[in-house]
Amino acid sequence: MLKLYDKTFQSRLLLGTARYPSPLIMEEAIRSSRAEIVTVSLRREMAGHQQGSQFFEMIRALGVQILPNTAGCHSAREAILTAEMARDVFKTNWIKLEVICNHDTLAPDVFGLVEAAKSLCANGFEVFPYTTDDLGVAEQLMRAGCKVLMPWAAPIGSARGPVNPSALKSMRGYFPEIVLIVDAGLGRPSHAMQVMEWGYDAVLLNTAVAGAGDPVAMASAFAAATDAGHKAYEAGMLEPRDMAVPSTPIIGQAVFS
């Protein structure tokens, strides 16, 4: 079971709702993924006015947990205001906190992120911060009150997979008790399986599914890979060895001369 703040879930795959070819395909992909949590950008959908309202109702009808996000915010103040609006719209204290510092990389502004996290946590929000793989920033976010961290694997939408495996492994080892969800940059099911094998608690995807040739089939593939990676980690995988180890025992075998 995946426990996030005071809620528990079976699925360890979270799915975004942007950039699908159509609302119907998005709905089918969410069902195919078996995701129980979906992220929604309040700023993007509110810009659609009536369409935005219809979109929100469609998501609610799926019976999933909505995780509003502050995508598109470039300052702590902007993110805080968006989070407060999202709480009013969706009646939830959950917020995926994004504060972006660079238009090209969409990298997190770690200073604004920590500032916003402190304010939101103090105001009763349950914050899911989109952050880097830096341990110092992680500690600051935890001190701010975050009980979940969402480090990136690579820039948003890049599909490059983990570009700094050592940092992600170090974060998992350094914070064994905190929930860690890899967010951004996973492009293939094998990427999701890889980070789950390292002991991450869940993954969050959007572009890798929405931008696929068949988003519904790709959502199912990611669901299977995420589940397989988690089961492998729980089972206890063999570590790589420098020497060969025979799978057939030698002791006790007959010797022919």
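One-based numbering along the sequence shown.
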**Item:** Closest non-hydrogen atom pair between Val203 and Val195, with its separation
**Value:** CG1-CG2, 3.5 Å

**Request:** Decide whether Phe128 and Leu106 are clustered together by the hydrophobic rule: side chain heavy atoms of Ile, Leu, Val, Met, Phe, Trp, Tyr closer than 4.5 Å, transitively.
**Result:** no

**Message:** Are Ile80 and Glu115 packed together at the side-chain level, in the sense that at least one heavy-atom pair is separated by less than 4.5 angstrom?
**Reply:** no

**Prompt:** What residue pairs, at least two apart or across chains, pass ring pair (Phe, Tyr, Trp, His ring centres under 6.0 Å) with a residue in residues 195-216?
**Reply:** none

**Request:** Report yes or no: does Tyr130 contribute a side-chain atom to a donor-acceptor pair with the main-chain N or O of Thr70 at less than 3.5 Å?
**Result:** no

With a 3.5 Å cut-off and sequence neighbours excluded, list the donor-acceptor pairs that the side chains of residues 142-164 form with protein atoms.
{"unit_1": "Ser158", "atom_1": "OG", "unit_2": "Pro155", "atom_2": "O", "d": "2.8"}
{"unit_1": "Asn164", "atom_1": "OD1", "unit_2": "Ala167", "atom_2": "N", "d": "3.3"}

**Message:** For Asp134 versus Met171, what's the shortest heavy-atom pair and its separation?
**Reply:** O-CE, 3.9 Å

**Request:** For residues 165-177, pull every pair meeting salt bridge (Lys or Arg N to Asp or Glu O under 4.0 Å), keeping only residues two or more places apart or in separate chains.
**Result:** Arg172-Asp201

**Request:** Mind listing the closest non-hydrogen atom pair of Ala192 and Phe222 along with its distance?
**Result:** CB-CD2, 3.8 Å

**Asked** Got a sec, which pairs hit side-chain hydrogen bond (donor to acceptor under 3.5 Å, both in side chains) with one end in residues 215-244, sequence neighbours left out?
**Response** Arg12-His230, Asp227-Lys231

**Asked** Do the side chains of Val38 and Leu62 get nearer than 4.5 Å, heavy atoms only?
**Response** no

**Item:** Enclosure of Met243 CE (heavy-atom neighbours >12, cutoff 6.0 Å)
**Value:** no

**Message:** Among residues at least two apart in sequence or on other chains, which ones pass side-chain contact (heavy atoms from CB on, under 4.5 Å) with Ser75?
**Reply:** Arg77, Glu78

**Prompt:** Quick one: salt bridge (Lys or Arg N to Asp or Glu O under 4.0 Å) partners of Glu27, sequence neighbours excluded?
**Reply:** Arg31

**Linked, directly or transitively: Leu120 and Val40 (ILVMFWY side chains, under 4.5 Å)** = yes

**Prompt:** Once you round to the nearest 0.5 Å, how far does CG of Leu135 lie from OG of Ser170?
**Reply:** 6.5 Å

**Request:** Would you mind reporting whether Lys118 and Val114 have side-chain heavy atoms less than 4.5 Å apart?
**Result:** yes

**Spacing of CG belonging to Leu113 relative to SG belonging to Cys73, to within rounding of 0.5 Å** = 11.5 Å

**Item:** Linked hydrophobic residues, Leu24 as query - side chain contacts closer than 4.5 Å
**Value:** none

**Asked** Between atom CD1 of Ile95 and atom OG1 of Thr82, what is the distance when rounded to the nearest 0.5 Å?
**Response** 8.0 Å

**Prompt:** Can you tell me how far CG of Leu15 sits from CG of Leu67, rounded to the nearest 0.5 angstrom?
**Reply:** 12.0 Å

**Asked** Can you pull the ring pair (Phe, Tyr, Trp, His ring centres under 6.0 Å) pairs that have at least one residue in residues 67-87, sequence neighbours excluded?
**Response** His74-His103

**Fill in**
Here the gap from Gln10 atom CD to Glu36 atom CD, rounded to the nearest 0.5 Å, amounts to 6.5 Å

**Asked** Between Met193 and Ala228, which heavy-atom pair has the shortest distance, and what is it?
**Response** CE-CB, 3.7 Å

**Message:** List the residues meeting side-chain contact (heavy atoms from CB on, under 4.5 Å) with Pro21, not counting sequence neighbours, and say none if there are none.
**Reply:** Ile25, Pro215

**Residue pair Thr105 / Asn102: nearest heavy atoms and the distance that separates them** = N-OD1, 2.8 Å

**Request:** State which residues pass side-chain contact (heavy atoms from CB on, under 4.5 Å) with Gln65; sequence neighbours excluded, sorted by chain then number.
**Result:** Lys7, Phe9, Ile37, Thr92, Trp94

**Request:** Measure the CD1-CG distance between Ile181 and Leu14 for me, rounded to the nearest 0.5 Å.
**Result:** 5.0 Å

**Item:** ring pair (Phe, Tyr, Trp, His ring centres under 6.0 Å) partners for Phe90, two or more places apart
**Value:** Phe56

**Message:** Using the rule that Ile, Leu, Val, Met, Phe, Trp and Tyr join whenever any side-chain heavy atoms are under 4.5 Å apart, tell me whether Phe111 and Ile100 fall into a single cluster.
**Reply:** no

**CA sep, side-chain torsions, deciding dist, call: Met26, Ile30, side-chain contact (heavy atoms from CB on, under 4.5 Å)** = CA-CA 6 Å; Met26 179 199 70; Ile30 292 172; 4.0 Å; yes

**Message:** Taking Ala116's backbone N and O only, do any of them form a donor-acceptor pair with Ser119's side chain (distance below 3.5 Å, no angle check)?
**Reply:** no

**Qualifying salt bridge (Lys or Arg N to Asp or Glu O under 4.0 Å) pairs, either residue in residues 84-112, two or more places apart** = Lys96-Glu98, Lys96-Asp183

**Request:** Could you pull out the closest heavy-atom pair between Leu205 and Leu13, with the gap in Å?
**Result:** CD1-CD1, 3.2 Å

**Asked** With ring centroids as reference points, do Phe125 and Tyr5 lie under 6.0 angstrom apart?
**Response** no

